[in-house]
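Keep in mind that what you see is a predicted model, and the values were worked out from it rather than measured. Quick note: residue numbers are just sequence positions, from 1. Reckoned from all heavy atoms, side chains included, excluding hydrogens, waters and symmetry mates.
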Amino acid sequence: ELVGDIRAFREVELRPRVSGVVERQLFQPGQMVKEGQPLFVIDTRALDSAVADAQARLVESEAALARARQDVERYKPLLVDDAIPRQTYDQAVSAEQQAASVVESRRESVTRAKLDRSYADVRAPVTGQIGLQRVEVGALATAGQTVLATVSTLDPVTVYFSVSEAEYLDYARRLNAMSRGE
């Protein structure tokens, strides 16, 4: 006879991907949760502001790109007639390329800001039973560091046995004897 410790096959710690104040807890400790189910909501005001700022910067860079394209189109016929120096046209083309690069960078900033905003809703990574919350509503949660709660899968489970060296050696001897037919 051995004493065993039954544990969940998987125990997943919930950590926020963005920092902020925990606004809501959407579960009761001990309840079963499904993968993808919202469990916590982090304050979104700063994240919403970051999305708006990124979108405004994108609009600004798109306007600069439109202006640079207009310059290139305006200079192109003048270059053919030698009405402007080649250097002026080349600078306009370079400014257009640079503005296009800034627009792409700003589009990625908007995408990133929206992604960060989506992380304000902390969801269950697996289906299982959720334990006690480790952070109360109103507390600050730090991205990647604060453990909010733990979700444990219950099917299957794992059993751990504590066996002393003497018990193991006795078991190994009896098993060896049985295999030899003694």
Any side-chain heavy atom of E73 sitting closer than 4.5 Å to one from Q70? no

Which pairs with one or both residues in residues 38-47 pass salt bridge (Lys or Arg N to Asp or Glu O under 4.0 Å), sequence neighbours excluded? D43-R45

With side chains defined as the heavy atoms from C-beta onward, is the minimum distance between S179 and N176 less than 4.5 Å? yes

Distance-only polar pair, side chains of S118 and R17, donor-acceptor under 3.5 Å: no

R174 bridged to D170 by N-O distance under 4.0 Å: yes

Please examine the side chains of L65 and V102, heavy atoms only from C-beta on, and report whether any two atoms are closer than 4.5 Å. no

Below 4.5 Å, heavy atoms only, C-beta onward: do L148 and P16 meet side chain to side chain? yes

Short question: side chain of S109, backbone of A54 - any donor-acceptor pair under 3.5 Å? no

Under the 3.5 angstrom rule, does the side chain of T44 hit a backbone N or O of L47 as a donor-acceptor pair? no

Give a yes or no on whether a salt bridge exists between E60 and R57, defined as a side-chain N under 4.0 angstrom from a carboxylate O. no

Taking distance alone, no hydrogens or angles, what donor-acceptor pairs closer than 3.5 Å link side-chain atoms of residues 84-97 to residues at least two apart or in another chain?
from: R86; atom 1: NE; to: D90; atom 2: OD1; distance (Å): 3.4
from: E96; atom 1: OE2; to: R69; atom 2: NE; distance (Å): 3.4

Show me, pair by pair, the donor-acceptor contacts under 3.5 angstrom made by side chains of residues 136-145, not counting sequence neighbours?
from: E136; atom 1: OE2; to: Q133; atom 2: NE2; distance (Å): 3.3

Do the side chains of E165 and L169 get nearer than 4.5 Å, heavy atoms only? yes

A side-chain contact here means heavy atoms from C-beta on lying under 4.5 Å apart; do T150 and L14 qualify? no

For the pair S152 (side chain) and E11 (backbone), establish whether a donor and an acceptor sit closer than 3.5 Å, ignoring hydrogens and angles. no

Heavy-atom distance under 4.5 Å between the side chains of L26 and L39, does that happen here? no

Please indicate whether I6 has more than 12 foreign heavy atoms, meaning atoms of other residues, nucleotides or ligands, lying under 6.0 Å from its CD1. no

Would you check, one step at a time, whether the test salt bridge (charged side-chain N to carboxylate O under 4.0 Å, His left out) holds for R112 with D116? CA-CA 6 Å; R112 177 64 186 176; D116 285 347; 3.4 Å; yes

Does any non-hydrogen side-chain atom of V103 lie less than 4.5 Å from one of L58? yes

